[in-house]
Every structure is written in structure tokens, then in C-alpha cells.
> 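I'd like to ask you about the structure that follows.
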Amino acid sequence: MDETPLERERRAKVARWRSERREPYPWSFPGRVPTEDVRTRCLALSAGQEAEGDPVRVAGRLHALRVHGGTAFADIDDLSGSLQLILRADVLGEGPYHAWMGDLDSGDLIGAEGRPALSRRGEPSLVATRVELLAKAISPPPEKFHGLQDVEERLRRRYLDLLSSAETRARFRARSVLVRETRSFLDEAGFLEVETPVLVPLAGGGTAQPFSTYSNYLGEEVRLRIALELALKRLLVGGLERVYELGKCFRNEDLDVTHSPEFTMLEAYWAYADYLDMKGLVERLYARLASRVGTLLPDVPAAQEAAQAFASGFHTVDFVEELEHRSGISRLIERKPSELREYARAAGSTVPDDSPPGVFLDKLFEHYVEPHLLRPTFVLDYPAVTTPLAKRHRSRPGFVERFEFYYRGMELGNAYTELNDPDEQFRRFEEQLSSRVEDRFAYDEDFVQALRYGMPPATGIGIGIDRMVMALTGTFSIKDVILFPLVRARLP
RNA sequence: GGGCCCGUAGCUUAGCCCGGUAGAGCAGGCGGCUCUUAACCGCAAGAUCAGGGGUUCGAAUCCCCUCGGGCCCGCCA
């Protein structure tokens with residue numbers, strides 16, 4: 001690996017330390033507290049005052065060093081935030097102080113021991129009585145003020161993005177907390193978290209293109225799952241009643257601002273309940289997540305906006321009513337497929353002429369309605385032609401019991417009262433198999449067999465976790481909520 | 001699949017239209033400075049201008065190709 005002159009300079013410092021029998025990469029730094037603790041203790045102090053009592057130990061990455069002759073101000077970052085260390089020649093000793101000024105570089109991981117103090121200018125600080133190098137940084141960090149601007153570098157080398165951006169750290173921390181809250185919420189609601197296979201002989205539950213690989217043991221091709229649905233419904237047949245899985249699914253499709261080939265899906269299935277029960281569950285889940293994000297990201301306006309929006313509840317619209325209202329097209333349900341096709345063409349869609357009529361309705365909805373679904377909104381009761389796998393509506397002929405929900409024009413999830421009639425399921429699989437446009441549909445014969453044993457009436461939902469995090473953290477690209485998004489390998 | 005845009009020092013960038021030996025800030029080196037916080041002041045150093053080819057006396061700049069990336073549209077879901 002090529003070294004820059006800067007890196008050679010830093011490596012020389014490591015060599016010098018070693019020659020002096022000092023360790024540039026020590027083993028631990030016991031007794032350290034988060035810098036947050038120091039900031040908290042500083043609240044009780046007045047400017048220029050130093051706290052009494054035992055010294056405390058903090059550790060973090062050095063990101064700025066301002067040297068004023070015999071006093072230096074060193075800013076360190078840890079996960080809890082940033083803290084200024086005050087290093088003084090008269091406290092550390094002239095010799096050690098000047099040695100540290102020569103040895104320290106931004107990016108180094110250091111530890112310090114000392115007393116909390118407010119600087120004369122009122123900055124929460126730690127007056128260091130002792131400094132330790134915990135790991136020498138050979139490569140310099142990104143520029144301190146602008147940070148890492150290159151989008152490609154941010155994605156390919158996320159560690160640089162994280163170490164130079166407190167905002168990025170806060171966003172991914174928020175993601176972890178939101179996922180944990182989601183799990184707690186479902187656990188408390190009596191759902192059982194399960195793990196089903198990622199490697200499957202047949203990638204069912206949708207018509208996305210799967211990734212393929214090969215099992216040496218089986219001597220067969222296997223695929224990566226595209227959805228969790230069919231495995232989880234089998235568990236309902238098996239009597240697990242309330243189950244969910246939160247895990248990776250894979251679709252061999254394009255990556256754009258709302259799609260990633262590898263993404264995190266939550267699916268939950270709830271026996272003896274229907275889609276309106278699920279609607280209530282979603283609303284409660286999002287209210288809880290909103291209250292968490294409000295305190296997690298106090299400095300992110302879009303996150304605060306999302307927190308408020310979800311806290312005040314969802315708005316509900318009817319699929320057909322809303323589409324007729326927005327498009328100005330009346331009596332949509334009575335229209336012939338050819339008419340729907342013409343309307344879809346007029347809206348700019350280029351889907352094939354022989355697509356099922358539901359496809360045209362979907363295109364019209366995408367074009368006329370989705371951009372307007374800015375507030376958290378449930379879209380309720382879809383025409384049956386748009387949705388092959390939901391149960392028919394109990395009181396509205398030609399419709400199914402289904403809702404999707406949206407925020408800022410982005411689809412966040414999709415729920416049904418699930419189809420559990422095995423013969424009906426078989427017919428719909430057959431239809432999909434015979435449809436020219438869905439030639440990559442995988443027929444899972446054993447799933448129909450499972451339904452023959454009886455699946456309880458149930459509701460189910462799929463929620464894209466990446467999009468959920470985007471919505472709640474006010475992020476506009478899915479790549480900004482995935483730590484290591486898929487990128488092309490760099491040729492040597 | 002179609003269109004638009006970007007790639008200059010470790011990082012952030014100016015220069016590109018209108019061709020004439022690449023200019024700065026941060027970081028790093030040396031010197032100064034005991035309350036700064038994008039610290040400051042002085043000195044010196046650092047660049048196959050993404051890669052390849054072409055036009056030209058001369059290319060970071062104009063043209064073509066390749067690589068990597070971003071955005072929009074379409075498709076997919």
C-alpha cells in the first residue's frame with residue numbers, strides 16, 4: 001500500500017515510540033467514563049472553576065489540537081459527544097508537555113485523566129494531569145471542518161464517514177435504537193421472534209428477481225430469499241399464532257434512493273386478527289418510535305418533524321376515492337382494462353399493453369396519489385385486481401382487505417387480511433404462473449399443501465426497516481441508513 | 001434501458017465556457033505564542049489534474065473511449 005509523506009511522518013513517530021520502549025498500541029484504558037459524564041459535572045461549575053474530588057478518565061479520538069505555547073486545547077470525540085481537554089505545561093511538566101505536542105496528531109486515539117473544569121470562556125473541559133496514547137493513527141482523518149464530502153468515499157469507507165461526522169454516528173445509533181424498540185414493541189404484544197432460512201430452494205412471496213448461488217452439499221442451486229412471507233405463514237399453520245422476523249432479504253434489482261438489493265425486512269403475522277387490528281398495531285408502533293426519535297435526534301429538523309407527524313397519528317384514505325379525486329377520473333372500478341391502459345399511458349407509464357389491469361391502477365396511483373401522501377397516511381381497501389394474495393373484502397365486492405401506509409410520498413409498509421383458503425391460493429398461483437409478465441414467479445407447491453392443513457384467519461404485514469429508519473430520521477437516501485451499501489468492487 | 005451531471009494534494013476546493021508550466025484553506029513539517037474552540041502569526045514542503053487515446057507549437061481546460069460515482073425518468077417491486 002502506498003504511503004503519503006504525511007503517513008511516513010506519523011509512522012516515524014511510532015518507530016520513535018518503539019525505540020523508547022513506549023507502546024503506541026496499548027491493550028486497554030481501564031476506568032474510563034463517557035465524556036458526557038464530564039460535561040454533566042461541568043454544569044455545576046462557573047467559568048474558570050475546576051471541580052473538586054477524584055480525577056476521572058476519558059478516552060476518544062483527537063480531532064483538533066490548538067496549541068498556545070504552554071497551554072493546549074485538545075478536542076476528543078467519543079460516542080457520547082465531544083470534550084475539550086486542557087493540557088498545560090505547568091500541570092503535565094515542561095518535558096512531557098512538549099513531548100506530547102510533538103507526538104499527538106489528529107485522528108489519534110488518546111486517553112486522559114484529570115478534573116472536570118469550565119474554561120475561562122465557559123467551555124466544559126477536563127484539565128489533564130495525565131495523557132496516554134491508546135492507538136496511533138497513521139492515516140490522517142478527513143478535513144476537520146467540511147468532513148468527508150465525497151459520496152463514494154462515504155459509502156465505500158463508512159468508517160471515515162463515521163469517525164468524522166457526529167451526525168452520521170447519531171443517525172446509525174438512532175437506527176439501532178429504533179430496531180430495538182420495534183422488537184420490544186412486538187415482544188410485548190405477544191409476538192415470537194423467529195429466524196427462517198435465507199438460503200432457499202425457491203424464492204417465494206413475491207416476483208422479484210432472486211440472487212442465486214450453489215450448495216455443494218445438496219449439489220443444487222439455492223436462492224437468497226426475497227421475502228419472509230411463506231415461511232412465516234407456515235408457522236401460523238404450525239400453531240405459533242403470533243410471529244415476526246426482522247432480517248435481511250435480497251432482491252437482484254436496481255439500487256436507487258428507496259431500493260437496495262440487500263435490505264432489512266420486518267414481517268409479522270397475527271392469527272385470529274384482521275387488517276384493521278394490524279392498522280391499530282402499526283399506529284401504536286409508530287407512535288412509540290416517534291417518541292424515541294424525538295429525543296434521539298434533537299438537532300435534526302427532519303427527524304423532529306417526523307416525530308411530530310407520527311405522534312399525532314395517521315390519516316386514512318380510501319384507495320379508489322383518493323385516486324378518483326386526485327386524477328379526476330370517475331367510476332374507475334367500472335372502466336375496461338383498455339381504458340385504464342390509456343389513462344396510465346397518459347400518466348407517462350410504459351408498462352406492456354398486456355399487463356394485468358391491476359398494474360394500470362397501480363401506475364395511476366403512483367402517478368396521481370403517492371406524491372401527495374406527505375403526512376403519515378393509511379391507504380385502505382384495494383381493488384382485487386391489484387392484489388393477488390390478500391383475502392377478498394368481507395363487505396365490498398371486487399375489493400380486498402389491504403392497506404399500505406405512506407410518509408413523504410414513500411411507501412413504508414403493506415398489510416393484508418391474509419388469504420388462507422388453499423384452493424383460492426392454488427388458483428392465484430396458477431394465474432401468476434400463466435401470466436406472461438410474471439414469468440419469474442416461483443410456485444411453492446408445499447405452501448398450498450400447508451394451507452390444506454388449515455391456517456387460522458390472520459393478518460400480516462411487511463415493513464421495510466430501512467425505509468422506516470429513513471422516515472423517522474428524516475433521511476432521503478436508503479444508502480444513508482445502511483452502514484455498508486452494495487458498491488461495485490474497485491479494480492486493483 | 002434513456003437523459004443530465006461529477007472525478008484537481010491525505011481532506012475541502014479555485015482554475016475548465018474563452019487552451020499558454022495548477023492557486024488556496026485544513027491536515028502534516030519547522031519556528032513563535034499559557035483560555036482557545038474552523039485559534040492565530042511566520043517559513044518551507046506537498047499534485048502521474050480518475051485512466052487511456054486524439055486535436056494542437058502547447059491540454060486540467062476542446063473531442064472520443066474506458067473506469068468509478070451521483071441525480072432524474074422508465075422498468076422492476
Side-chain angles (χ1 to χ4, degrees), chain A residues 2-13 47-48 62-76 82-92 94 97 101-102 104-108 117-125 127 137-157 160-161 163-164 205-210 226-227 249-261 263 265 347-352 355 359 362-363 366-367 404 411 414 437-441 462 464 467 476-477 479 485 487-492:
Chain A
D2 287 347
E3 269 196 358
T4 65
L6 272 71
E7 289 169 331
R8 278 195 292 276
E9 195 73 48
R10 290 173 174 224
R11 194 175 285 291
K13 292 182 184 179
L62 180 66
H63 69 91
L65 182 63
R66 297 177 292 281
V67 186
H68 298 248
T71 296
F73 302 90
D75 296 337
I76 63 166
S82 188
L83 180 71
Q84 172 171 277
L85 307 177
I86 299 179
L87 312 177
R88 297 173 57 121
D90 56 2
V91 174
L92 293 167
E94 286 289 336
Y97 172 84
M101 293 307 109
L104 290 178
D105 289 299
S106 67
D108 289 351
L118 269 194
S119 74
R120 281 178 218 160
R121 297 285 175 91
E123 176 76 19
S125 306
V127 177
I138 300 294
S139 299
E143 201 248 13
K144 66 183 176 186
F145 186 64
H146 299 90
L148 193 62
Q149 295 298 310
D150 188 297
V151 177
E152 181 182 354
E153 283 295 288
R154 282 212 312 255
L155 302 181
R156 284 184 187 274
R157 304 206 284 178
L160 287 182
D161 182 24
L163 75 83
S164 64
T207 56
Q209 186 74 43
I226 58 169
C249 289
F250 306 85
R251 295 182 180 180
N252 210 339
E253 311 271 357
D254 287 356
L255 187 154
D256 63 32
V257 288
T258 54
H259 298 81
S260 170
F263 64 105
M265 175 87 110
S349 170
T350 60
V351 285
S355 303
V359 170
D362 278 340
K363 292 293 158 196
E366 272 174 34
H367 182 261
E404 290 198 319
E411 183 203 328
N414 184 19
V437 290
E438 302 203 36
D439 56 352
R440 47 198 198 179
F441 178 77
R467 290 184 183 187
F476 284 90
S477 170
K479 292 180 206 174
V487 284
R488 206 173 294 277
R490 240 175 201 163
L491 298 172

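In what follows, every chain begins at residue 1, and chains take the letters A, B, ... in the order their sequences are listed. The shown structure was predicted, so the numbers you read here are calculated from the model rather than taken from an experiment.
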> Can you check whether R88(A) has a side-chain N or O nearer than 4.0 Å to OP1 or OP2 of U34(B)?
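Answer no for this pair, as no side-chain N or O of R88(A) is under 4.0 Å from OP1 or OP2.
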> Side chains of H146(A) and Q149(A): any donor to acceptor distance under 3.5 Å?
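Per modelled atom types, Q149(A) and H146(A) side chains form no pair under 3.5 Å.
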> What is the separation between atom CD on Q209(A) and atom P on A77(B), rounded to the nearest whole Å?
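To the nearest whole Å, that distance equals 10 Å.
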> Which whole-number value in Å describes the distance from Y97(A) OH to C35(B) P?
10 Å
> In terms of side-chain heavy atoms of E9(A), which of G29(B), G74(B), C33(B) is nearest?
G29(B)
> Please tell me if K363(A) has a side-chain N or O lying less than 4.0 Å from either OP1 or OP2 of C73(B).
no
> With 3.5 Å as the limit, what N/O pairs link the protein to nucleotides 10-12 of chain B?
residue	atom	partner	partner atom	Å
C11(B)	O2'	E143(A)	N	2.8
U12(B)	OP1	Q149(A)	N	2.8
U12(B)	OP1	D150(A)	N	3.1
U12(B)	O2'	H146(A)	ND1	3.4

> I want to verify a distance call: between C75(B), G29(B), C71(B), whose nearest atom is closest to the V257(A) side chain?
C71(B)
> Between R156(A) and G69(B), is there a side-chain N or O to OP1/OP2 distance below 4.0 Å?
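Yes, within the criterion.
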> Taking atom C1' of C75(B) as reference, at what distance in whole Å does atom NE2 of H367(A) sit?
16 Å
> Of all the nucleotides listed (A77(B), U34(B), G69(B)), which has the minimum atom distance to the side chain of E411(A)?
A77(B)
> Could you give the CZ-to-C1' distance, from R11(A) to G28(B), as a whole number of Å?
15 Å
> NE2 of H259(A) versus C1' of C76(B): gap in Å, rounded?
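Taking atom C1' of C76(B) as the reference, NE2 of H259(A) is at 8 Å.
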> Starting from P on A9(B), measure out to CZ on R8(A) and report it in whole angstrom.
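These atoms are roughly 17 Å apart.
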> Roughly how many Å apart are A47(B) and C62(B), using the C1' atom of each and rounding to a whole number?
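Those two atoms are separated by 22 Å.
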> Are there any protein N/O atoms within less than 3.5 Å of an N/O atom in nucleotides 43-45 of chain B, and if so, which ones and at what distance?
none

> Step by step, work out the side chain to side chain contact (heavy atoms under 4.5 Å, CB included) result for T258(A) and E411(A).
CA-CA 9 Å; T258(A) 54; E411(A) 183 203 328; over 6 Å; no
> Take I86(A) and T350(A), find for each the nucleotide of RNA chain B with the closest heavy atom, and name the residue whose nucleotide sits nearer the 5' end.
I86(A)
> Taking the nucleotide of RNA chain B with the closest heavy atom to each, which residue, Q84(A) or A64(A), is nearer the 5' end?
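Per heavy-atom nearest nucleotide, the more 5' residue is Q84(A).
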> State which of C35(B), A77(B), G28(B) makes the closest approach to the side chain of F73(A).
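Out of C35(B), A77(B), G28(B), the nucleotide with an atom closest to F73(A)'s side chain is C35(B).
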> E152(A) has an atom CD; how far is it from atom P of A50(B), in whole Å?
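For the pair E152(A) CD and A50(B) P, the rounded distance is 14 Å.
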> Taking 4.0 Å as the cut-off, does a side-chain nitrogen or oxygen of R488(A) come that near to OP1 or OP2 on G69(B)?
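Answer is yes, contact under 4.0 Å.
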> Rounded to whole Å, please give me the gap between CG in L65(A) and C1' in C33(B).
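Answer to the nearest Å: 14 Å.
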> So what's the dot-bracket for RNA chain B: Watson-Crick or G-U pairs under 3.5 Å, [ ] if a pair crosses, | if it pairs off-strand?
(((((((..((((......[..))))..((((.......))))......(((((..]....))))))))))))....
> Which pair of heavy atoms, one from L104(A) and one from K13(A), lies closest together, and at what distance?
O-NZ, 4.2 Å
> Choosing from G74(B), U37(B), U34(B), which nucleotide comes nearest the side chain of D75(A)?
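The nucleotide sitting nearest to the side chain is U37(B).
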> What is the distance from atom OG of S106(A) to atom CG of D75(A), rounded to the nearest 0.5 Å?
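If we round to the nearest 0.5 Å, S106(A):OG and D75(A):CG are 11.0 Å apart.
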> Do F250(A) and I226(A) come within less than 4.5 Å of each other through their side chains, counting heavy atoms only?
no
